Amino acid sequence: MARAPQDFDTLRHSASHLMAQALLELYPGTKLAIGPCIEDAFYYDVEPTQPITGDDLVTIEQKMLEIASRELPIERVELPRDDALAMVAQIEQPYKTEIINDLPDEAVISFYRQGDFIDLCRGPHIANTSAIKYVKLLSIAGAYWRGDARNKMLTRIYGTAWFTQQELDDHLNKLEEAKRRDHRKLGRELGIFMLSPEVGGGLPLWLPNGAVLRETLESFLKKEQLRRGYNPVVTPHIGKLELWKTSGHWGHYGNSMFNPIAVDDEQYMLKPMNCPFHIQIYKSETRSYRDLPYRLAEFGTVYRYEQSGELNGLTRVRGFTQDDSHIFVAPEQLFEEFKSVVELILHVFNTLGLQDYTARVSLRDPASDKYVGSDEIWDTSQAAIIRAVDEMGMQYTVAEGEAAFYGPKLDFMVRDCIGRQWQLGTVQVDYNLPERFDLEYIGSDGAPHRPVMIHRAPFGSMERLIGILLEHYAGAFPLWLAPVQAVILPIADRHVGYAREIQAKMLEVDLRVKVDDRNEKTGYKVREAETKKIPYMIVVGDRDVEAGSASVRKRSVGDQGAMPVDEMIAMFKNEITAPKY
RNA sequence: GCCCUCGUAGCUCAGGGGUAGAGCGCGUCUUUGGUAAAGACGAGGUCAUGGGUCCGAAUCCCAUCGAGGGCUCCA
C-alpha cells in the first residue's frame with residue numbers, strides 16, 4: 001500500500017510521544033523538551049533523572065511496545081492558554097511552560113492524550129498507539145535545549161518507526177550499508193588516506209592511491225577551467241593578518257582560525273581562504289572592462305580551526321584544498337557569468353556520476369544585522385541568483401538566513417546512491433570584498449567602477465568530494481577515476497616478462513596499471529584485486545604469451561575471455577573517454 | 001567547546017584482579033599454480049598515557065590524551 005510521506009511523519013511523531021510515555025513510566029520525573037519527526041526517524045530531547053545509556057534503549061523499546069499493545073486511543077485536547085499553563089505546571093514539565101509562553105497570542109494550544117500520558121503538541125497523530133509496532137531505538141546523543149550552546153545539555157534519543165517489518169528491516173539494512181561504505185573505513189582499506197593522532201585531528205595524510213585520485217580530479221577540473229577562460233594562479237599558505245582584518249573575516253570567524261604566527265614585527269595567518277590573495281593579484285594591475293570577467297583559479301589549501309567535536313573523517317577537517325576561484329565581473333555581467341558557473345558545476349556533477357542533486361538558494365534573514373552591505377545590493381544579487389536558476393529550469397529550495405555574511409549563495413546538495421544528501425559545490429556573490437579592498441576597473445566611459453566578485457567551488461573541497469565519492473561508489477570507482485585501473489596477473493614466474501611488456505604498452509598511453517608478480521596463486525591475486533576494487537584484472541599465462549593476447553576479467557562481473565592486447569587497450573581508452581554510470 | 005560511549009598486535013576483534021589470545025596482514029621456507037584465500041614455520045603488544053586502590057591492576061577508581069555517535073558552529 002502506497003503511503004504519503006506525511007503518513008510516516010505522523011507515525012514517527014506518535015512514536016516519539018510513545019517513547020516519552022515509556023520514559024515517564026520507567027523513569028518518573030523525566031522532563032520532556034521537544035520530540036519531532038525527522039527524515040526516516042524521530043527523536044525526543046529529555047532531561048533524565050539519571051543518565052540514560054545505550055543499554056537502556058532495549059528496555060525503553062520494550063516498554064514502548066508494551067504500552068502500544070494497550071491499544072490506547074490518541075485524543076486531541078485544545079485548551080485556553082491559562083489552562084494549558086496550569087496543565088503543564090501540574091504535570092511538572094517546565095520546558096513545556098517555556099514553549100507555551102513563546103507561542104503567539106493567537107495560537108491554538110493543543111495537547112494529545114493517550115492513557116494517562118499527555119503532551120503539548122500541534123499534531124497530527126495517529127488514532128491509536130496500537131499502530132506503532134515496527135519501531136527501533138537507534139542512539140543516544142547530547143543536544144542543547146533550543147539548539148543553543150549556552151543552554152542546558154539534554155539527552156536526545158533517536159529512533160525510527162515504520163508501518164511494516166519489511167520497511168523497518170530495509171531501513172536498518174540501509175544503515176548497515178551506509179556503515180559498510182563509510183569513507184573512513186574504505187579510505188584505509190583502499191589506501192586513499194589516513195588520519196593520525198600523531199599528526200593532529202582533522203589533518204589527513206594522503207596515501208598513494210588517494211594522491212592519484214586527487215590528481216585525476218584536479219586535472220579534470222583544470223582542463224575544464226582552461227576551456228572556460230580561467231587563469232590558474234598559485235598563492236602562499238600564510239599571509240599577513242591585516243588581510244583578514246580588511247576582508248572582515250577576522251572579525252566574523254577569528255575564533256575558528258588558527259592563531260596568528262608572529263614573524264619579525266608582523267602577525268601572519270595560516271590562510272583560512274584564498275580570496276585576499278586573489279584580490280591582490282587583481283589589484284596588481286589597472287583592470288579594464290575589456291579584462292572582465294577576470295577569473296582566477298587555484299587549488300588552494302586552507303586551514304580552519306574547526307571545533308574538535310566537529311571533526312569527521314574527510315568531511316570536516318582542519319586543513320583542506322578548495323577548488324577555489326574568484327571571478328571579477330562588471331555588475332551587468334554578473335547574471336551571465338553566474339549562469340556559466342552553474343553550467344560548469346552541473347557538468348562536473350554529471351561527469352562524476354552524481355546526477356541526483358538539488359540546489360539551495362541561501363538568502364539573508366532580513367531581521368538579522370549580521371550581514372554587511374546595503375539593502376539594494378542584497379536585493380539585486382539575490383534576484384540575480386533566483387533569475388539564473390529559474391532561467392536554467394533548475395529545481396531549488398530557498399533558505400532564508402543561510403547566506404554568508406557578505407552575500408547570498410547557491411549551494412548544491414547531491415544525493416548519493418543510497419539516498420544520503422551531501423553539500424558539495426557552492427557559488428557566492430560578493431559585493432563586500434570589492435568594497436573593502438577598494439577594487440576597480442576602468443569602464444568604457446574612462447571612469448573607475450567597482451567590480452562584483454563571484455566565489456565558486458564546484459567540488460567544494462577535495463577532501464569532502466573524495467569522501468563523498470568513496471561512499472557513493474563504495475570504493476568501486478569508474479575506470480577514469482580508479483587510482484589503479486588494472487592489475488596484470490602473471491600465472492607463473494615465466495610470464496612476468498610478458499606482463500611487464502603489456503604494462504609498458506599501457507603506461508605509454510597513460511593507463512594506470514600494475515603487475516602483481518608475487519609468489520601467489522592466481523585465485524588469491526584475483527580475490528585481492530577484487531577487494532581492492534581494481535576495475536580490471538588481466539591474467540596472462542602460456543596461452544596468452546603464445547597468442548599475443550591477454551585474458552580480461554572485469555571487477556565484480558567476471559572473466560571476459562582473451563583478446564589481443566591492442567584491442568584490450570583500445571577498449572580501456574574508449575571506456576575512459578565515454579564513461580557510463 | 002558541550003553530552004554520551006569507547007581505547008587490547010599494522011587491521012578487525014575476543015578475553016578479563018594472579019606471567020597476554022584469534023583471524024587477517026607481515027617475514028622465511030616449500031610450492032610455479034588459468035580467474036574470489038596453497039602449505040609449514042616465525043616475528044609482532046609495558047593491554048592509550050599518568051596517578052590511585054590492592055599482597056598483586058590490562059582488568060576496579062580518577063585524571064589526561066585520542067577516537068566514535070550527536071549538539072553548537074561551518075567564510
Side-chain angles (χ1 to χ4, degrees), chain A residues 43 45 47-48 51-56 138-158 179 182 184-185 188-189 194-198 200-201 244 247-257 271-276 302 304-313 315-317 320 322 324 402-407 409 423 426 428 430 432-433 455 457 460-461 464 489-496 517 519-532 537-544 551-562:
Chain A
Y43 66 81
D45 283 351
E47 185 185 328
I52 295 174
T53 72
D55 296 338
D56 299 326
L138 300 170
S139 62
I140 294 177
Y144 298 110
W145 166 234
R146 302 212 143 153
D148 190 325
R150 289 166 302 194
N151 287 340
K152 194 175 176 70
M153 179 67 76
L154 304 173
T155 300
R156 175 171 297 181
I157 306 175
Y158 285 94
K179 211 187 267 181
D182 189 319
R184 291 166 301 194
K185 183 168 169 281
R188 191 183 51 244
E189 288 170 1
M194 59 178 277
L195 287 163
S196 157
E198 317 290 317
W244 322 108
S247 73
H249 290 97
W250 177 248
H252 276 265
Y253 298 106
N255 58 358
S256 53
M257 293 181 189
K271 68 173 167 183
M273 71 239 296
N274 306 297
C275 334
V302 298
R304 297 178 185 176
Y305 185 74
E306 304 292 356
Q307 298 180 69
S308 60
E310 185 48 49
L311 301 177
N312 180 284
T315 57
R316 197 74 187 272
V317 288
F320 58 98
Q322 297 177 308
D324 209 1
E402 291 292 317
F405 76 88
Y406 53 73
K409 57 180 182 170
Q423 192 196 318
T426 183
Q428 307 179 3
D430 185 357
N432 176 50
L433 288 181
H455 307 243
S461 78
R464 216 179 148 67
L489 312 178
I491 297 285
D493 288 348
R494 64 180 177 280
H495 308 121
V496 170
D517 60 2
N519 178 9
E520 296 289 351
K521 292 194 175 240
T522 306
Y524 179 88
K525 294 181 186 177
V526 164
R527 177 185 150 79
E528 194 170 283
E530 287 279 353
T531 60
K532 291 261 156 73
M537 285 136 267
I538 301 164
V539 179
V540 291
D542 289 334
R543 298 202 295 265
D544 301 287
S551 302
V552 178
R553 180 192 167 95
K554 195 171 173 140
R555 170 186 65 201
S556 75
V557 177
D559 194 353
Q560 307 288 289

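Quick note on labels: first sequence line is chain A, next is B, and so on, each numbered from 1. These figures come from a predicted structure and were not determined experimentally.
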- [ ] Output yes when A:Asp148 and A:Arg146 qualify as a salt bridge under the 4.0 Å nitrogen-oxygen rule, no when they do not.
- [x] no
Task: Euclidean distance for C1', B:C13 against B:G70 (whole angstrom) - done: 25 Å
Open item on the list: What I want to check is whether an N or O donor and acceptor connect the side chain of A:Arg555 with the base of B:A36 at under 3.5 Å.
Closed with: no
Open item on the list: Rounding to an integer number of Å, can you tell me how far A:Glu520 CD sits from B:A40 P?
Closed with: 14 Å
TODO: Using the P atom on both, measure B:U5 against B:A9 and round to a whole Å.
DONE: 23 Å
Open item on the list: Can you confirm whether more than 12 heavy atoms, excluding those of A:Phe405, are under 6.0 Å from its CZ atom?
Closed with: yes
Open item on the list: Under 4.0 Å, heavy atoms only, any strand: does A:Lys532 hit a base, just the sugar-phosphate, or nothing?
Closed with: nothing
Open item on the list: Does the structure show a Watson-Crick or G-U wobble partner for B:U49, both distances under 3.5 Å? Name it, or say none.
Closed with: B:A63
TODO: Specify the separation, in whole Å, of atom OH of A:Tyr305 and atom C1' of B:A75.
DONE: 18 Å
- [ ] Searching all strands shown, indicate the nucleotide that pairs with B:U35 (Watson-Crick or G-U wobble; both distances under 3.5 Å).
- [x] none
Task: Residue A:Lys521, side-chain heavy atoms: nucleotide from B:G66, B:G33, B:A75 that is nearest - done: B:G33
Task: Any-strand Watson-Crick or G-U partner of B:C24, both distances under 3.5 Å - done: B:G10
- [ ] Determine whether any donor atom in the side chain of A:Asp148 lies under 3.5 Å from an acceptor atom in the base of B:U72, or the reverse, and answer yes or no.
- [x] no
- [ ] Kindly say whether, by distance alone, the side chain of A:Asn519 makes a donor-acceptor pair under 3.5 Å with the base of B:G33?
- [x] yes
Open item on the list: Say we look at B:A58 and B:U53: how far apart would their P atoms be, to the nearest angstrom?
Closed with: 15 Å
- [ ] Ignoring hydrogens and angles, answer whether the base of B:G70 and the side-chain atoms of A:Ser139 contain a donor-acceptor pair closer than 3.5 Å.
- [x] no
Open item on the list: Counting the atoms with a prime plus P, OP1 and OP2 as sugar-phosphate, which does A:Gly309 contact under 4.0 Å by heavy atoms, base, sugar-phosphate, or nothing?
Closed with: base
Open item on the list: If you go through the side-chain atoms of A:Gln307, does one of them form a donor-acceptor pair with the base of B:U72 closer than 3.5 Å?
Closed with: yes
Open item on the list: Nearest to the A:Ala404 side chain among B:A75, B:G34, B:C71, which nucleotide is it?
Closed with: B:A75
- [ ] Taking all non-hydrogen atoms of both residues into account, name the closest pair between A:Arg464 and A:Gln423 and its distance.
- [x] NE-O, 2.7 Å
Open item on the list: Rounded to whole Å, please give me the gap between NZ in A:Lys525 and C1' in B:U35.
Closed with: 12 Å
Open item on the list: If I pick the C1' atom on B:A57 and the same atom on B:G17, what distance separates them, to the nearest angstrom?
Closed with: 6 Å
- [ ] Find which nucleotide of RNA chain B each of A:Ile52 and A:Val526 is nearest to by heavy atoms, and output the residue with the more 5' nucleotide.
- [x] A:Ile52
Open item on the list: Which is it for B:G44, anti or syn, if anything within 90° of zero counts as syn?
Closed with: syn
Open item on the list: Testing the 3.5 Å rule here: is there a donor-acceptor pair between the side chains of A:Asp559 and A:Ser551?
Closed with: no
Task: Salt bridge A:Lys525-A:Glu520, side-chain N to carboxylate O under 4.0 Å - done: no
- [ ] Looking only at side-chain atoms of A:Arg494, point me to the closest of B:A75, B:G69, B:U32.
- [x] B:U32
Open item on the list: Only pairs with both distances under 3.5 Å count, Watson-Crick or wobble alike; so what is the partner of B:C73 in this structure?
Closed with: none
TODO: Sticking with atom P, work out how far B:C61 lies from B:G25, rounded to a whole angstrom.
DONE: 37 Å
Open item on the list: What is the distance, to the nearest angstrom, from the CD atom on A:Gln560 to the C1' atom on B:U35?
Closed with: 11 Å
- [ ] In whole angstrom, give me the gap between the C1' atoms of B:U49 and B:C65.
- [x] 7 Å
Task: Out of B:U32, B:G69, B:A75, whichever nucleotide has its closest atom nearest the side chain of A:His249 - done: B:A75
Task: Under 3.5 Å donor-acceptor pair, A:Arg316 side-chain atoms to B:C74 base atoms - done: yes
- [ ] Looking only at side-chain atoms of A:Arg188, point me to the closest of B:G33, B:U12, B:C71.
- [x] B:U12
Open item on the list: Just the rounded figure in Å: distance from P of B:C11 to CE of A:Met194.
Closed with: 9 Å
Task: Side-chain-base donor-acceptor pair under 3.5 Å for A:Ser256 and B:A75 - done: yes
- [ ] Determine the interatomic distance between C1' on B:C71 and the same-named atom on B:G50; round to the nearest Å.
- [x] 31 Å
- [ ] Evaluate whether the aromatic ring of A:Tyr253 and the six-membered ring of the B:A75 base sit under 5.5 Å apart, centre to centre, with an inclination under 30°.
- [x] yes
TODO: Calculate the interatomic distance between A:Tyr144 atom OH and B:C71 atom C1'; express it in whole Å.
DONE: 6 Å
Open item on the list: Determine whether a donor-acceptor pair (one donor, one acceptor, N or O, separation below 3.5 Å) exists between the side chain of A:Tyr43 and the base of B:G70.
Closed with: no
TODO: Spell out yes or no: do the side chain of A:Asp544 and the base of B:G34 have one donor N/O and one acceptor N/O closer than 3.5 Å?
DONE: yes
- [ ] Could you check which of B:A75, B:C73, B:G33 has an atom nearest any side-chain atom of A:Glu310?
- [x] B:C73
- [ ] Have a look at A:Arg156 and say if it touches a base, only the backbone sugar-phosphate, or nothing, with a 4.0 Å heavy-atom cut-off.
- [x] sugar-phosphate
Task: Mate of B:G17 where both pairing distances stay under 3.5 Å, Watson-Crick or G-U - done: none
